[in-house]
There are 2 protein chains.
Amino acid sequence: MEKTVYVRPTFTKLPSDKKERILDVAIDEFSRCGYDKASINRMVGRLGIAKGSIFQYFGSKKNLYFHIFEHAVALVKRSLKGVKAGSEGEDFFIRLAMSLQAGIYFIRRYPRIYQIYLKMLFQEDFPFRADLLKTIRLFSIDYLRPIIEEAVTAGQLREDLDPELAAFFLDAVLDRFLQAYCVAYMDSGLGLYQADEKVIEERIQDCIEMVRLGMATGDSPPGESAAKSMEHRA
Amino acid sequence: MEKTVYVRPTFTKLPSDKKERILDVAIDEFSRCGYDKASINRMVGRLGIAKGSIFQYFGSKKNLYFHIFEHAVALVKRSLKGVKAGSEGEDFFIRLAMSLQAGIYFIRRYPRIYQIYLKMLFQEDFPFRADLLKTIRLFSIDYLRPIIEEAVTAGQLREDLDPELAAFFLDAVLDRFLQAYCVAYMDSGLGLYQADEKVIEERIQDCIEMVRLGMATGDSPPGESAAKSMEHRA
DNA sequence: CCTTATGATGACCACCTGGTCATTTTATTG
DNA sequence: CAATAAAATGACCAGGTGGTCATCATAAGG
């Protein structure tokens, strides 16, 4: 997926402001409608250029989409690299919170990129969806796992923790957090949808705390609860 | 959404085997292609009936979809009711495991239903998606929350646990588990995709255990770790 | 200034979509 | 059996799609 070029020289030679305008409109269309319902006619209508030009630039709708996707992946990678470097040496749960916060920042800056990702997630019939997903899902494998393993050796996480399971688990929670932030009705009434900075920050802390400590009462394994008489509050 | 009828008497009067065949093909088409790409032409082709008949039965593509969706929601509700009743009185984490296991069973029995749900999840432009999602997302609100609250009063969960947060959290993990089971590349290398009963059962236990105990070492709150010298193994 | 190469254009193509409806077939009733 | 009601049919419609390409405009080079 890396080496392939989805763009023709005719497009490359274009003045960069025109290139940006074209990509901007295309990203907007794809993020709003998803791949299938996105319309080239509508794009060229908004751009005020001829339909043929788009095909001269990209060859096909698919190539246009892939070019944008590649661009998006590059942005994500850069963002992740930034957080990883910027949180080096910190406590694991701090790093986690920073990663989640960075996800929110990313979505705030590039709202339409995440939409494009979500819209293709479950369209299996999608051409090359497997490749695209593999590329994007490096998150949990390339990003989270090393951090987890470091934290285990640093004694911040249980010694017997299964890194793969932990990566899956965190990926689930973090991804859903982002989904809840930018898609309605995914927040189980937590009020995450398009929430402002303050709320997000609090909820991130709450979530991370839950990841840290789990849900069970402090003392009791599976069996009967011995915490009945513990009536301390606050 | 409950009272509305998406089906015309002409369809109701049909012999039930024909009705089932039609719904079966329609469910298949929708689950494979999603709403937009699903083709009425293809359905009637496979069914060997006239296109007009479908519109005589349902009036529109949307109605056909809604009828199926309603059917699906009923199935889910029934399944949930079953687990809830069948796990009454059990320990919270047992109930959790049973719920997740029931989700897997459900997907095994009705693989295409879950696909239909996934395919509409992030298509915001979808007509009435809000209503459909509200109906389906009752899971975390109507199903999980009462169970959580019971468990808090029973002393199985932290006293200071925020039920809304817990519901969100569990919904995230459980839903992702199901997604990983039936969609490729969502399992972060855990091997959940179309895994067999044995693997699933183990992984459910692992996940629930992680929900129970969290990830941190047993003793240390945020600050420095005091577990460095604890070199017990296994 | 003319020639040649390159880019922009939009009419046009085949194809497919959801939906309609006059017509025919089948079932019901007197 | 005839008359009527109900259901099945598929040709047909308008509208949209991604994609093509002959034609025209512009730029480059001699």
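Chain identifiers are assigned alphabetically (A, B, ...) following the order of the sequence lines, protein sequences preceding nucleic acid strands; residue numbering begins at 1 within each chain.
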Protein-to-nucleotide contact annotation, 5' to 3' order, nucleotides 7-22 of chain C [B base; S sugar-phosphate only; - none; under 4.0 Å, heavy atom]: SBBB------BBBBB-
Over how many whole Å does the gap from A/L64 atom CG to D/dG19 atom C1' extend? 14 Å
With salt bridge (Lys or Arg N to Asp or Glu O under 4.0 Å) as the criterion, how do B/R145 and B/E149 come out once you've worked through the C-alpha distance, each side chain's angles and the decisive distance to 0.1 Å? CA-CA 6 Å; B/R145 280 207 43 185; B/E149 277 157 9; 2.8 Å; yes
With a distance cut-off below 6.0 Å to the six-membered ring centre and an angular limit of 45° from the axis, does B/K61 pair with B/Y35 as a cation-pi contact? yes
For atom CZ of A/R32, is the number of surrounding heavy atoms from other residues, nucleotides or ligands below 6.0 Å larger than 12? no
Whole-Å distance separating the CG atom of B/L47 from the C1' atom of D/dA8: 14 Å
Before we go on, tell me: are the rings of B/F128 and B/F66 under 6.0 Å apart, centre to centre? yes
May I have the distance from B/M43 (atom CE) to D/dA8 (atom P), rounded to whole angstrom? 18 Å
How far apart are the C-alpha atoms of A/F106 and A/Y114, what are their side-chain angles, what is the distance that settles it, and do they pass the ring pair (Phe, Tyr, Trp, His ring centres under 6.0 Å) test? CA-CA 9 Å; A/F106 185 88; A/Y114 194 65; 8.2 Å; no
Considering only heavy atoms from C-beta outward, does the side chain of A/D24 approach that of A/R112 to under 4.5 Å? yes
Give the table of side-chain donor-acceptor pairs shorter than 3.5 Å for residues 50-60 of chain B, with sequence neighbours excluded, one pair per line with atom names and distance.
residue : atom : partner : partner atom : Å
B/K51   : NZ   : B/N41   : OD1          : 2.8
B/S60   : OG   : B/N63   : N            : 3.2

Distance-only side-chain donor-acceptor flag, B/R203 / B/Y181, under 3.5 Å: no
In this structure, which stretches of DNA chain D are paired as stems of three or more consecutive Watson-Crick or G-U pairs, both distances less than 3.5 Å? C:3-6 with D:25-28, C:8-27 with D:4-23
